[in-house]
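What follows is a single structure, written as structure tokens, with notes after it.
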Amino acid sequence: MIVFGKIKSLNDTTANVEVEEHGNAVYECYILQPSTGKNKVDFPYHTDDLVCVILADRNLILGAIYSDIDTRDADAGEETIVNSAKKIYAKASDLFQFNDGANGGIIKNENLVNNLDKIKTYLTALVSATSTAIGATGATGSAGAKTAFDTAMSSQEITYENMKNDKVKH
């Protein structure tokens, strides 16, 4: 008999699968891993995955997962291409690279904001010092130059909006 069930627990070779249509009975099932002829095809089963089960003398989970989230582990040196997805999660121990990596690393938003705040503080101090220096020259017309400088700078403001793209996180 072929039924659907949810994985409740698993190890390397077996899984306990709960089958709702059998009154939530739990069956111990052997994980059937199909082969391409060259390599074993691994399916990353997780607790609560919905799977197809053959109930017989030896219960088997078929090599298919019915889930909203498709997960898999890539082998070292393997490349994975995702053509379309609602969300993509990836973990890498050393390097996670988009395209060919030619654009460098992703900027850490907090560090960028902190650095921009330092620049803003520096420029504010520079404007203040420049205004004071122009007024202190004592040269004819320095009061007019100071007024003109202060007027021009009073309408200038350093602002920046949220620079985060919440759809790409790291």
Side-chain angles (χ1 to χ4, degrees), residues 1-125 156-170:
M1 172 185 297
I2 298 175
V3 295
F4 291 97
K6 278 193 176 182
I7 294 178
K8 290 304 177 191
S9 64
L10 64 138
N11 60 43
D12 288 342
T13 58
T14 64
N16 290 322
V17 179
E18 181 181 61
V19 178
E20 186 177 340
E21 66 185 81
H22 289 190
N24 294 332
V26 176
Y27 297 95
E28 182 182 34
C29 301
Y30 291 91
I31 299 171
L32 179 64
Q33 294 286 6
S35 171
T36 62
K38 272 176 126 178
N39 302 308
K40 180 178 152 190
V41 179
D42 287 320
F43 290 94
Y45 293 107
H46 301 285
T47 303
D48 289 331
D49 279 344
L50 182 62
V51 293
C52 185
V53 178
I54 297 177
L55 295 177
D57 290 338
R58 183 174 177 183
N59 302 325
L60 300 173
I61 295 176
L62 298 179
I65 300 172
Y66 300 89
S67 173
D68 289 339
I69 299 174
D70 182 22
T71 61
R72 65 181 296 279
D73 292 327
D75 293 328
E78 180 182 359
E79 293 184 13
T80 300
I81 297 172
V82 178
N83 292 320
S84 66
K86 183 176 178 181
K87 293 181 181 180
I88 299 173
Y89 298 90
K91 293 180 181 177
S93 60
D94 186 34
L95 173 68
F96 188 83
Q97 180 172 300
F98 290 100
N99 301 320
D100 61 2
N103 292 323
I106 294 177
I107 294 172
K108 295 178 183 176
N109 195 62
E110 265 186 55
N111 292 356
L112 175 62
V113 170
N114 289 339
N115 288 332
L116 288 173
D117 282 340
K118 289 176 187 175
I119 293 169
K120 183 177 180 179
T121 300
Y122 176 84
L123 290 174
T124 301
Q156 302 303 313
E157 189 178 341
I158 299 173
T159 60
Y160 37 86
E161 297 175 19
N162 182 7
M163 295 169 271
K164 291 182 187 178
N165 179 347
D166 290 328
K167 293 188 180 213
V168 178
K169 298 187 178 200
H170 63 102

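Side chains are part of it too, since the values below use all heavy atoms of this structure and drop only hydrogens, waters and symmetry mates. Here, residue 1 is the first one in the sequence, and each next residue gets the next number.
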Heavy-atom pair with the smallest gap, counting every atom of [X] and [Y]:
| X | Y | answer |
| --- | --- | --- |
| His22 | Val3 | NE2-CG1, 4.1 Å |
| Ala15 | Ile7 | CB-CG2, 4.4 Å |
| Val19 | Phe4 | CG1-O, 3.7 Å |

Point-to-point distance, once rounded to the nearest 0.5 Å, from [atom1] of [X] to [atom2] of [Y]:
| X | Y | atom1 | atom2 | answer |
| --- | --- | --- | --- | --- |
| Gln156 | Thr124 | CD | OG1 | 12.0 Å |
| Asn109 | Asn114 | CG | CG | 9.5 Å |
| Asn115 | Lys108 | CG | NZ | 11.5 Å |
| Leu116 | Ile158 | CG | CD1 | 9.5 Å |

Look at atom CD of Glu21 and say whether more than 12 heavy atoms of other residues, nucleotides or ligands are closer to it than 6.0 Å.
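Above 12, so yes.
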Those residues that, when tested against Lys8, pass salt bridge (charged side-chain N to carboxylate O under 4.0 Å, His left out) (two or more places apart):
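Once residues adjacent in sequence are excluded, the partners of Lys8 under the salt bridge (charged side-chain N to carboxylate O under 4.0 Å, His left out) criterion are Glu18, Asp48.
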